[in-house]
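Beneath this line is the structure, given in structure tokens, with notes to follow.
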Amino acid sequence: MNDIRTITSLAQRVKTGDITSVKLVEECLAKITHDQSVLNAFITVTAERAREEAHQADLEIASGHYRGPLHGMPISLKDLIDVRGLPTTAASLVRQGHIAKTDADIVSTLRQAGVILVGKCNLHEFAFGTTSEDSAFGPTRNPHDTSRSPGGSSGGSAAAVAAGMCLASIGTDTGGSIRIPAAACGIVGLKPTFGELSCRGVVPLGRTLDHVGPLARCVNDVWLLYAAMVNRTSQIPPATFHQTKPIRLGLLRKYFMDRLEHDVRTSFEKAVKKLQQAGTVIEEVSLPHASDISPVYLHTVLPEAAAYHARTLETRPEAYTPAIRERLEIGRYILGEDYIRAMKGRETLRAEVDTALRGRHGLILPTLPIPAPPLGVETIQIEGVTDTVRNLTLRLSQLFNLTGHPAISLPIAPTPSGLPCGLQLVGGYNRTNDLLALSLSCEKIFSNAATPT
Amino acid sequence: MPLKGWLQSSRMDIERRGLVVIVPLLETLVIATEKLRAADWNDDASGNVPKKLDRFLQHTDRS
């Protein structure tokens, strides 16, 4: 494993020519060559194109046309996002032969910022799963323990960043698909406020739940990518949080911490204590309808996904992996009246999250109730209760897709066996920048991100 | 559509289409649907809103 390289730590060196974009790209490509056969994090590697673009970036920077901290930085994209001239496979045979005609909106803005694309990452087929196992290109493995899943659905992105195959990646999050793999792989993953980043040119899963967002090794890197994608590169990075006032957080304990694996609970409670020792005021808050989150989510995501896939379910059902086809098919049986009930439920949950945030800088809860699950395992028992890996992995993240509030996963102390753990912070609606400022402060307090060895 | 009738007709259609493999998923879904329909936020054409929810919604806003 390389030393921990971040965009933030390398930007000044690239600007001054102390290190070249070509060198950074070559280092990432070497890491991909070395680890891809085990991790299977990439579906497409754009080595030659990346080398050419890095060379161009170096020429531009040397001639005084430095575009900013992302200029010349090698990143990857989840293979659900269109890049002109490349296939967008969505990890599915259904997409065989597809070549994108244009760049997704966020790819255009990232290109303007000068990033170099080294490849497109593996994922759970059509982003409809949380383990990155069901993929037409085979499962992705977790760099911390290759017998385990990297989480999903942006599992290839998280594995690639954690392993140093790229400095950052762009994923999508419909129920936790950025935050779940970020937590499972020990990196940072941001889901901004709903609608802030364009999803044009991104294969949808649930159109009212889908978000695009960055995965990286530190909060500031995530901020740089987020700012580039919303075209706010002229703003300065958010300063560390209000120094004069204590941070006030609402801890979502009831329901959210009812079912936590022992080592995750220990790691999370330690992180909470660290925050308190640093002067953070943490008060318990609860959501009256928390136990309704899962039914509301199911009755939203299933019919939305089924609607997008209805035609290919009829014409090419065999092209889906069996588990994805089954999940999509069940969505076709949900009634319109129940979808509407779920929409009403979302309004209620949104109001409850707003209320819990009132007078506070954010909400705090674990990202995942379990560490990265072993590959091939479908159910896990926690405190005598058996539940599916899918239910457990979505349990703490899906709410904020329903409500649209921005949420981020930060790495905290790993479990005794060395598996990463994530802590989730949730910010006010349309206040992603404030959430990032809060996250910078918390990251400083934790400063113990897990990295694979 | 009442839950019982929906479950029955869905199961029949699933079997007709040769997708019996998804019947367990349907049985899981019906539990979630039952819970969704029982939630106190659901509309009532009589105009009666559960008092607890009404009080809560009156005191929430998006600032």
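Because the structure is a prediction, the values reported are computed rather than measured. Quick note on labels: first sequence line is chain A, next is B, and so on, each numbered from 1.
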Proximal component of A:Arg332, with respect to chain B [non-hydrogen, under 4.5 Å]: side chain
Side-chain donor-acceptor pair present, A:His299, B:Thr33, cut-off under 3.5 Å: yes
Donor-acceptor side-chain pairing of A:Glu133 and A:Ser149 below 3.5 angstrom: no
Interchain contact, B:Ile14 with chain A, by part (heavy-atom threshold 4.5 Å): both
Which atoms of B:Leu25 approach chain A - backbone, side chain, both or neither, heavy atom under 4.5 Å: both
Sub-6.0 Å ring centroid separation between A:Tyr320 and A:His309: yes
A:Ile340 portion near chain B, given a 4.5 angstrom heavy-atom threshold: neither
Pairwise distance CG(A:Leu287) to CG(A:Leu399) - rounded to 0.5 angstrom: 6.0 Å
Side-chain heavy atoms of A:Leu435 within contact of A:Val426, under 4.5 Å: no
Under 4.5 Å from a heavy atom of chain B, the part of A:Ile330 involved: both
Chain B contact via A:Glu337 - side chain, backbone, both or neither, heavy atoms under 4.5 Å: side chain
